[in-house]
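Predicted, not measured: the structure shown is a model, and the values here were computed from it.
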Amino acid sequence: MQKAWLYEEYGPKEVVKLGEIPIPSPQPNELLIQVHAAALNPIDFKLRQNPLGPLDLPVVPGCDMAGVVVAKGDGVVKFEVGDEVYGNIQDFRAGGKLKQLGSLAEFIAVEEHLVAAKPKNLSFEEAASLPVAVQTAVEGFKTAGFEEGQSVFVVGGAGGVGTLAVQLAKKCYRACLVTATTSTGKVEFVKSLGADKVVDYTKTTYEQVEEKYDLVYDTIGDSRNSYVVAKEGAPVIDITWPPSNPKAQFSSLTVSGEVLAKIRPYLESGRLKAVVDPIGPFHFSDAISAFGYIETGRAWGKVVVSPFSSPPYLASAPPKINGF
């Protein structure tokens, strides 16, 4: 058996309880991963508060993880036992029901194509912070058809997706001008990520921004207001559903280990950095506090849960029972 955080009813963070569930057996093309770190995303508490699709209860929340392969099913070809990997285990576009067993468990089973080798220079905590956010950030630029030399206005530059959107724009997509919004205390932090200009939204309105941009990349769902800084006809990307501006383009994410593999050189060279909120990481035993913090909307980068106090892995894993 293993420890996992789970909920058997929908509601506030208090419905999430620490329990015991069986260690899953990897199916064909799946890896069994011993989780060393997991990261929380807004989707993790939004699904708990108001399920967006069919879910079987109980649910172990969590999408992002980094850990070590401890077993593999038939057909796995890219990874071996002992490999350090990371990924987003929930493929939201795959159709059907989401996995009941998310990443806030000591062991998880995940399809091989959803994970990638962990960059050698990153800790498990740093790696776990990346998958959902970087997959989302990359998809937004792809949806917009962003080109080298264009300008971008990032709304929410200190958040999980925003910190990566700023870095990608400047260091990977080579934007000519990167401007981002944040609150007063985070201005210098967002500048350190590569933003050429930072707008303190507590002091400056969108209407007071002088420049117009080739892309408005809204990571907080404020496109009903932020669109005014876009050039005429320029795309406005909104990663929240539904977009608050009906003319904005919704951008979700492509869940694939291939996306993570492509950004590996940028991570290992230091051009792209993982941002873990300095209040964390939260210990596995204190995951409820991690949920409480991310739900405030004030996190810097990603909220990470680590370490996990996993028991020794037994090769003869018990069968799936109790809904798992």
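Ion pair Glu125/Lys302 not flagged as a salt bridge, since none of the NZ, NE, NH1 or NH2 atoms sits closer than 4.0 Å to an Asp/Glu carboxylate oxygen. Between Lys212 and Glu232, none of the side-chain N atoms (NZ, or NE/NH1/NH2) sits under 4.0 Å from a carboxylate O, so this pair counts as no salt bridge. Remark: Lys191 does not engage Asp196 in a salt bridge, criterion side-chain N to carboxylate O under 4.0 Å.
A donor-acceptor pair under 3.5 Å links the side-chain atoms of Glu268 to the main chain of Lys120, judged by distance alone. Formation of a donor-acceptor pair under 3.5 Å by the Glu84 side chain with backbone atoms of Gly67 is not found in this model. No donor-acceptor pair closer than 3.5 Å links the side chain of Ser151 to the backbone N or O of Tyr213. No donor-acceptor pair under 3.5 Å is formed between the side chain of Ser223 and the backbone N or O of Ser226. Looking at Gln150, its side chain never comes within 3.5 Å of a backbone N or O of Ala175 through a donor-acceptor pair. Formation of a donor-acceptor pair under 3.5 Å by the Gln49 side chain with backbone atoms of Pro12 is not found in this model. Counting only distance, with no hydrogens or angles, the side chain of Glu106 and the backbone of Lys3 share a donor-acceptor pair below 3.5 Å. Arg48 places no side-chain N or O within 3.5 Å of a backbone atom of Tyr10 that could act as its donor or acceptor partner. Of the possible donor and acceptor atoms, one in the side chain of Gln27 sits under 3.5 Å from a partner among the backbone N and O of Ser25. Tyr217 places no side-chain N or O within 3.5 Å of a backbone atom of Val166 that could act as its donor or acceptor partner.
Remark: Tyr173 OH is packed, more than 12 non-hydrogen atoms of other residues, nucleotides or ligands lying under 6.0 Å away. In this structure, Lys78 places its NZ atom where only 12 or fewer heavy-atom neighbours from other residues, nucleotides or ligands lie under 6.0 Å away. Residue Glu258 qualifies as open at atom CD: its count of foreign heavy atoms under 6.0 Å is 12 or below. The environment of NZ in Lys170 is crowded: more than 12 heavy-atom neighbours from other residues, nucleotides or ligands sit within 6.0 Å.
Atoms CG and CG, from Leu267 and Leu272 in turn, are 4.5 Å apart once rounded to the nearest 0.5 Å. In this structure, CG in Leu168 is found 7.5 Å from CD1 in Ile263, a value given to the nearest 0.5 Å. Atoms CG and OH, on Asp222 and Tyr201 in that order, are 10.5 Å from each other to the nearest 0.5 Å. Interatomic distance, Leu253 CG to Gln90 CD, rounded to the nearest 0.5 Å: 11.0 Å.
For Thr202 and Ser183, the side-chain atoms include no donor-acceptor pair closer than 3.5 Å. Tyr293 and Asp277 are linked by a side-chain donor-acceptor pair at a separation below 3.5 angstrom, with hydrogens and angles left out of the test. Asp64 and Asn41 are linked by a side-chain donor-acceptor pair at a separation below 3.5 angstrom, with hydrogens and angles left out of the test. When only modelled atom types and interatomic distance are considered, Asn88 and Gln135 share a side-chain donor-acceptor pair under 3.5 Å.
The minimum heavy-atom distance between Ala116 and Gly257, with the atom names listed, is CB-O, 3.6 Å. Taking each heavy atom of Leu40 and Phe291 in turn, the nearest pair found is CD1-N, 3.7 Å. The shortest non-hydrogen separation linking Cys63 to Ser103 is N-OG, 3.3 Å.
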Please walk me through it: do Ile33 and Val85 pass side chain to side chain contact (heavy atoms under 4.5 Å, CB included)?
CA-CA 8 Å; Ile33 297 171; Val85 297; 3.6 Å; yes
For Lys72 and Glu112, what are the C-alpha separation, side-chain angles and deciding distance, and is it a side chain to side chain contact (heavy atoms under 4.5 Å, CB included)?
CA-CA 9 Å; Lys72 60 181 189 176; Glu112 178 185 30; over 6 Å; no
Determine, step by step, whether Val199 and Val209 satisfy the side chain to side chain contact (heavy atoms under 4.5 Å, CB included) criterion, reporting the C-alpha distance in whole Å, the side-chain angles of both residues, the deciding distance to 0.1 Å, and the verdict.
CA-CA 8 Å; Val199 174; Val209 174; 4.2 Å; yes
Walk me through it: do Thr143 and Phe250 pass the test side chain to side chain contact (heavy atoms under 4.5 Å, CB included)?
CA-CA 9 Å; Thr143 300; Phe250 171 66; over 6 Å; no
Check step by step if salt bridge (charged side-chain N to carboxylate O under 4.0 Å, His left out) holds for Glu147 and Arg174.
CA-CA 8 Å; Glu147 298 180 355; Arg174 299 179 181 178; over 6 Å; no
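Residues Val35 and Phe107 fail the side-chain proximity criterion, which asks for heavy atoms closer than 4.5 Å. Counting only heavy atoms from C-beta outward, the side chains of Met1 and Ile23 never approach each other to under 4.5 Å. The side-chain heavy atoms of Pro24 and Leu101, taken from C-beta on, include a pair separated by under 4.5 Å.
Taking the six-membered ring where tryptophan is involved, the planes of Tyr206 and Phe153 are perpendicular, since the angle between them exceeds 60° and thus also 30°. Using cut-offs of 30° and 60° for the angle between ring planes, the Phe141 and Phe146 rings count as perpendicular.
Hydrophobic clustering, with ILVMFWY side chains joined whenever heavy atoms are under 4.5 angstrom apart, keeps Val155 apart from Trp300. Note on Val303 and Leu18: same hydrophobic cluster, where clusters join Ile, Leu, Val, Met, Phe, Trp and Tyr whose side-chain heavy atoms are under 4.5 Å apart, directly or indirectly.
Stacking of Lys118 on the aromatic ring of Phe124 is recorded, both the 6.0 Å distance cut-off and the 45° axial limit being met.
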